Trainee: 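Let me give you the structure first, and then I'll get to my questions.
All figures in this text were calculated on a predicted structure; none of them were measured in a lab.
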Amino acid sequence: MQKKEKRKAQSKAPADKEIQQQQQYSTLREYFVATVYCTIIALFVTTYVVHPMTVPTPSMEPTILVGDRLLIDKFTYRNAFMWKTPLTPAHDIQRGDIVVFKFPEKPEVLYVKRAIGMPGETIQIIDKTVYINGNPLDEPYTVHSDPTVFRQSRRIHFLSSNSIRDNFGPLHIPQDHFFMMGDNRDRSADSRFWGFVNLNKVKGKAFLIYWSWGSFMRDIKWRRIGTLIR
């Protein structure tokens with residue numbers, strides 16, 4: 001009797017081990033499949049819906065500060081100029097939108113600026129004031145940190161880039177192009193210095209600050225987290 005029970009126990013041990021191995025394999029397979037699904041969804045979301053971005057410069061202050069982490073809406077602009085449908089949100093680029101785009105001179109770098117000049121318009125800057133088609137533009141979001149007003153000069157010298165900061169144009173904006181400017185006008189490298197932004201360079205619209213660091217990594221700006229960008 002004892003021999004029979006011993007043989008049963010010996011035959012049962014490999015079976016239990018095989019079941020345990022199958023369970024472990026099944027668990028690993030479930031983890032693998034879940035990881036693949038999550039990766040695919042994350043890639044889809046960051047490619048077509050929203051994308052994170054870090055702001056390293058003060059060109060958009062005070063609207064966007066250095067250290068702000070932004071979420072970019074990549075869907076509504078794309079839906080507007082590629083495949084408009086009545087059931088999905090669509091939004092054409094409008095004056096005043098804060099737009100994220102590929103830097104024309106270095107496409108792998110993303111820039112964030114405010115859309116100021118629209119296709120077909122004539123833009124001019126006179127003593128820091130922007131004029132669209134001859135009319136001054138009301139811009140409550142801008143700041144000027146430097147009281148100096150540079151006069152436009154036809155001569156090329158070491159201050160030639162500054163000469164177009166405060167007095168520029170007039171210049172006609174081609175179709176499917178936009179004139180982008182930073183809110184911090186005296187500290188922004190924008191369309192005044194490197195030209196228009198083509199529609200096909202636009203990545204999306206900045207709409208939310210999801211995280212923000214201060215001058216040190218431990219200095220979290222809690223009040224800015226969750227702020228909608230306008």
Side-chain angles (χ1 to χ4, degrees), residues 38-83 88-119 139-143 145 173 176-230:
C38 290
T39 302
I40 292 173
I41 292 172
L43 287 173
F44 175 82
V45 169
T46 56
T47 301
Y48 297 104
V49 185
V50 294
H51 185 78
M53 176 186 179
T54 301
V55 178
T57 69
S59 66
M60 283 297 295
E61 291 181 352
T63 308
I64 300 173
L65 305 181
V66 175
D68 283 350
R69 269 65 170 174
L70 315 180
L71 285 182
I72 304 161
D73 174 7
K74 301 177 69 174
F75 184 74
T76 53
Y77 280 162
R78 180 181 286 107
N79 187 37
F81 62 76
M82 290 183 67
W83 55 72
T88 54
H91 178 70
D92 293 314
I93 298 176
Q94 299 174 3
R95 193 186 332 278
D97 284 355
I98 297 179
V99 181
V100 176
F101 54 90
K102 296 179 181 179
F103 180 39
E105 297 180 0
K106 204 172 182 181
E108 65 272 18
V109 177
L110 292 181
Y111 268 35
V112 55
K113 304 289 181 186
R114 196 180 292 272
I116 300 300
M118 301 291 104
E139 299 186 283
Y141 41 77
T142 61
V143 296
S145 56
I173 304 172
D176 295 330
H177 288 75
F178 299 86
F179 197 91
M180 304 291 188
M181 300 182 72
D183 289 356
N184 191 358
R185 289 292 161 82
D186 298 332
R187 299 185 64 190
S188 174
D190 48 41
S191 288
R192 292 171 290 181
F193 304 98
W194 39 254
F196 306 116
V197 174
N198 194 301
L199 181 61
N200 61 21
K201 300 293 185 183
V202 173
K203 298 294 291 182
K205 180 181 179 182
F207 76 97
L208 179 73
I209 298 171
Y210 72 90
W211 193 254
S212 184
W213 293 106
S215 55
F216 298 96
M217 295 296 286
R218 65 178 181 272
D219 183 15
I220 302 173
K221 302 175 185 176
W222 294 106
R223 292 185 179 181
R224 295 189 63 76
I225 297 174
T227 301
L228 293 174
I229 301 171
R230 295 183 177 88

Trainee: How far does CZ of Arg230 sit from CG of Leu228, to the nearest 0.5 angstrom?
Mentor: 5.0 Å
Trainee: Kindly compute the distance separating CG (Leu71) from CG (Leu208), expressed to the nearest 0.5 Å.
Mentor: 5.0 Å
Trainee: With rounding to the nearest 0.5 angstrom, report the CG to CZ distance, Asp97 to Arg95.
Mentor: 10.5 Å
Trainee: If we count only N and O atoms by modelled type, under 3.5 Å, do the side chains of Ser212 and Asp68 hold a donor and an acceptor together?
Mentor: yes
Trainee: Only one of Met180, Met181, Met60, Lys113 forms a side-chain contact (heavy atoms from CB on, under 4.5 Å) with Ser188, so which one is it?
Mentor: Lys113
Trainee: Taking only residues at least two apart or on different chains, which pairs with a member in residues 188-201 satisfy salt bridge (Lys or Arg N to Asp or Glu O under 4.0 Å)?
Mentor: Asp190-Arg192
Trainee: Report the distance from atom CZ of Arg224 to atom CD1 of Ile209, rounding to the nearest 0.5 Å.
Mentor: 4.0 Å
Trainee: Taking Trp194 for the side chain and Ala189 for the main chain, is one N or O donor matched with an acceptor at less than 3.5 Å?
Mentor: yes
Trainee: Judged by atom type as modelled, is there a donor-acceptor pair below 3.5 Å linking the side chain of Arg223 to the main-chain atoms of Lys221?
Mentor: no
Trainee: Quick one: side-chain hydrogen bond (donor to acceptor under 3.5 Å, both in side chains) partners of Arg187, sequence neighbours excluded?
Mentor: none
Trainee: Within the 4.5 Å heavy-atom criterion, are Val99 and Phe178 side-chain neighbours or not?
Mentor: no
Trainee: Would you give the length of the straight line joining atom CD1 of Ile98 to atom CD1 of Ile229, rounded to the nearest 0.5 angstrom?
Mentor: 6.0 Å
Trainee: Between the side chains of Asn184 and Ser59, is a donor N or O closer than 3.5 angstrom to an acceptor N or O?
Mentor: no
Trainee: Closer than 3.5 angstrom, by distance alone: can the side chain of Asp176 be matched with the main-chain N or O of Leu199 as a donor-acceptor pair?
Mentor: no
Trainee: Look up atom CZ in Arg185 and atom CZ in Arg114, then write down how far apart they are to the nearest 0.5 Å.
Mentor: 8.5 Å
Trainee: Would you call the rings of Tyr111 and Phe101 parallel, tilted or perpendicular, taking 30° and 60° as the class edges?
Mentor: tilted
